[in-house]
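Let me begin by presenting the structure, written as structure tokens, before commenting on it.
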Amino acid sequence: IKLKYIVIMASKAYNVLFIVAMLLFSSCSVFRGLTLDGPSGPDIYEYQKLERDTIFKGNNPLHFPLAASHRCIDRSMHITHKKAGNAEEMRIDSLVEQWFGKDGQLLIIHNDSIVYDQWTEPFYPRKNATIFSVSKSLTGLLCGIAVDEGYIKSVDDYVTDYIPELAQYNATFKKLRIVHLLNMQAGFDFYEDYELTLKGLFKIFKITQLQYGHDFTRLFRHIKFKSQPGEKYEYNSLTTALLSWIIERATGKTYANYMSEKVWKPLGMERDAWVTIDSRKHHNTQGFGGIATNVYDLAKIGRLYLNGGTWNRKQIVSKEWIDKSLEKTTENKGYHYCWYHQYRDNNADNSSFYAFGVGHQFIYINQKKNVIIARIGNNYNWMGWEMSFFDSLCDKLF
């Protein structure tokens with residue numbers, strides 16, 4: 001009986017020590033986050049504060065030409081804006097500034113030409129900025145290229161085929177497939193919560209470890225599953241962090257080098273980009289939200305998807321991957337292969353697709369109208385109906 005009591009007490013002591021250790025480890029990440037970004041969290045210049053890799057451009061940049069004047073959208077044009085059930089007429093430049101505030105840029109491409117380009121200071125054209133979760137869509141693209149090249153045999157492969165040590169941490173990893181990562185169906189017990197309150201303190205530990213920790217792979221040693229893989233959709237960045245890790249493990253290349261070789265150079269990007277890493281020592285890439293680029297190069301990702309994965313008659317990623325990514329569905333909250341499907345009025349002809357990141361970073365693609373809209377900037381008042389507005393704007397103007 002005494003031995004049993006000693007074992008129980010030792011076990012409890014171990015659990016207490018483990019919890020204390022985790023709190024200390026997590027609190028370091030919280031402290032680092034507060035030191036770097038304050039209680040308001042990261043902004044579009046986050047890449048300047050963290051360790052980062054360079055995604056190099058090639059020697060032959062492509063520049064979108066400006067459309068003929070009669071095809072450009074007049075900034076003074078008045079459009080009907082509906083808000084809270086009321087309709088009002090507003091100039092489009094005033095509306096854009098009201099939506100997105102200062103320090104940003106909005107670009108509209110139609111038929112491969114610039115028809116609208118508005119920025120507000122201190123932002124300026126071709127300035128790089130962190131695109132946050134739009135990075136997830138680029139990671140999805142990189143995964144597609146890795147599948148095409150055979151580094152990843154199939155999206156139905158288990159994650160433990162590429163990172164076998166995960167099975168030692170939690171047996172449920174043996175059920176987790178790559179497609180579950182692409183569709184946000186991992187089932188992780190992880191909250192995408194950035195609120196600095198006592199109530200949310202334990203939740204925020206995990207997200208700060210992911211964003212500010214020096215080795216985010218340590219999270220996977222202790223992560224729990226609150227649902228079985230593939231069971232349901234629940235958005236969280238840890239899922240794409242694992243996908244980034246798998247891409248690097250499968251290809252044997254850094255995320256930045258693979259992105260440079262397969263995307264940035266072939267697409268004629270105008271500027272080098274950056275992607276943040278957790279530390280120089282561990283060098284795990286934050287493919288869930290760490291890419292920093294500009295609207296013109298971001299629009300080229302949209303053009304690649306708009307053209308079925310081809311670029312100047314070269315297949316960058318298979319059409320099958322593009323079709324799968326942009327598959328029309330009302331399930332999974334429209335999220336598929338790291339892209340969102342905008343389904344309006346149950347009419348497939350009016351459907352569009354977009355990549356979205358906190359602070360109004362996005363790539364919007366309208367296949368029917370051959371339109372790409374890219375936006376970067378500092379504004380965190382997401383109103384939820386901008387994409388539907390762009391659908392209506394495209395229907396009206398093009």
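Residue numbers run from 1 in the order of the sequence given. Values below: all heavy atoms of this structure, side chains included; hydrogens, waters and symmetry mates excluded. Everything numeric here is computed off the predicted structure, so don't read it as measured data.
- Taking every heavy atom of both residues into account, Lys319 and Gln315 meet most closely at N-NE2, 3.4 Å.
- With no hydrogens or angles considered, a side-chain donor-acceptor pair links Glu149 and Tyr258 at under 3.5 Å.
- Note on Asp157 versus Arg177: no salt bridge recorded, every NZ/NE/NH1/NH2 to OD/OE distance being 4.0 Å or above.
- Under the 4.5 Å side-chain criterion, counting only non-hydrogen atoms from C-beta, Asp272 is not in contact with Ile55.
- Taking Ser154 as the reference, nothing meets the side chain to side chain donor-acceptor pair (under 3.5 Å) condition, with sequence neighbours excluded.
- In this structure, a donor-acceptor pair under 3.5 Å is present between the side chains of Asp391 and Ser352.
- Connection of Leu243 to Tyr169 is established within a shared hydrophobic cluster, with ILVMFWY side chains joined at heavy-atom distances below 4.5 Å, either directly or through further cluster members.
- A side-chain N or O of Asn236 and one of Thr239 form a donor-acceptor pair less than 3.5 Å apart.
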Audit row: Ser318, Asp148, side-chain hydrogen bond (donor to acceptor under 3.5 Å, both in side chains) steps and yes/no: CA-CA 7 Å; Ser318 65; Asp148 289 342; 3.0 Å; yes
Residue pair Phe188, Phe225: steps toward the ring pair (Phe, Tyr, Trp, His ring centres under 6.0 Å) verdict: CA-CA 4 Å; Phe188 291 144; Phe225 289 78; 5.2 Å; yes
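- For the residue pair Asn257/Ser260, the side-chain donor-acceptor check at 3.5 Å is not satisfied.
- Phe132 has its ring centre no less than 6.0 Å from the ring centre of Phe362.
- Side chain to side chain, Lys136 and Ser237 meet the donor-acceptor criterion of an N or O pair below 3.5 Å.
- A donor-acceptor contact closer than 3.5 angstrom links the side chains of Tyr296 and Asp117.
- Clustering ILVMFWY residues whenever any of their side-chain heavy atoms sit less than 4.5 angstrom apart, transitively, puts Leu393 in the very cluster that holds Phe398.
- Hydrophobic clustering (side-chain heavy atoms under 4.5 Å, transitive across Ile, Leu, Val, Met, Phe, Trp, Tyr) keeps Tyr337 apart from Tyr158.
- Here the shortest heavy-atom pairing between Arg91 and His78 reads CG-CE1, 3.4 Å.
- For the residue pair Asn332/Asn183, the side-chain donor-acceptor check at 3.5 Å is not satisfied.
- Heavy atoms only, all atoms of each residue included: Ala256 and Val275 are closest at CB-CG1, 4.0 Å.
- Under the 4.5 Å side-chain criterion, counting only non-hydrogen atoms from C-beta, Leu166 is in contact with Val159.
- When all heavy atoms of Ala299 and Phe64 are compared, the closest pair comes out as CB-CE1, 3.9 Å.
- Annotation for Leu182 and Cys143: closest pair CD2-SG, 4.2 Å, computed over non-hydrogen atoms.
- No continuous path of hydrophobic side-chain contacts links Ile277 to Val134 [ILVMFWY only; heavy atoms under 4.5 Å].
- A salt bridge is defined here as a Lys NZ or Arg NE, NH1 or NH2 lying under 4.0 Å from an Asp or Glu carboxylate O, and Glu165 with Arg249 meets this definition.
- Side-chain atoms of Ser113 and Asn111 form no donor-acceptor pair, as typed in the model, at a separation below 3.5 Å.
- Of the options Leu242, Thr139, Leu210, a side-chain contact (heavy atoms from CB on, under 4.5 Å) to Phe288 is made by Leu210 and by none of the others.
- Taking the centre of each ring, Trp245 and Phe216 stay at or above the 6.0 Å mark.
- Residue-environment remark: NZ (Lys174) stays at or below the threshold of 12 foreign heavy atoms within 6.0 Å.
- In summary, the aromatic rings of Tyr47 and Trp274 are positioned with their centroids under 6.0 Å apart.
- Under the 4.5 Å side-chain heavy-atom criterion for ILVMFWY residues, a single connected hydrophobic cluster contains both Val317 and Leu62.
- Between Glu46 and Thr130, the closest heavy-atom pair is N-OG1, 3.6 Å.
- Side-chain atoms of Leu141 and Lys262, non-hydrogen and from C-beta on, never get closer than 4.5 Å to each other.
- Ile291 places a side-chain heavy atom less than 4.5 Å from the side chain of Tyr255.
- Between Tyr340 and Tyr235, the ring planes are parallel. Angles under 30° get that label, and only those over 60° would be called perpendicular.
- For the side-chain hydrogen bond (donor to acceptor under 3.5 Å, both in side chains) condition, the pairs that include at least one residue of residues 54-65, sequence neighbours left out, are His63-Glu270.
- Using modelled atom types and a 3.5 Å distance limit, the side chains of Lys127 and Tyr45 yield a donor-acceptor pair.
- Side-chain contact check for Ser137 and Tyr354: no donor-acceptor pair (N or O, by modelled atom type) lies under 3.5 Å.
- A salt bridge links Asp297 with Lys300: the closest approach of a Lys/Arg side-chain nitrogen to an acidic carboxylate oxygen falls below 4.0 angstrom.
- With values rounded to the nearest 0.5 angstrom, Ile373 atom CD1 is found 11.0 Å from His110 atom NE2.
- Qualifying salt bridge (charged side-chain N to carboxylate O under 4.0 Å, His left out) partners for Lys102, counting only residues two or more places apart in sequence or in other chains: Glu97.
- Under the 3.5 Å distance criterion, with hydrogens and angles disregarded, a donor-acceptor pair is assigned to the side chains of Gln286 and Thr276.
- Side chains of His283 and Asp53: a donor-acceptor N/O pair is present below 3.5 angstrom, by distance only.
- For the pair Lys396 and Phe389, the cation does not sit on the ring face, since its NZ or CZ is not both under 6.0 Å from the ring centre and inside 45° of the axis.
- Lys175 and Gln228 share a side-chain donor-acceptor pair at under 3.5 Å.
- Of the N and O atoms on the side chains of Asp278 and Tyr212, not one donor lies less than 3.5 Å from an acceptor on the other residue.
- A 4.5 Å side-chain heavy-atom check between Ile301 and Val263 finds at least one atom pair inside the cut-off.
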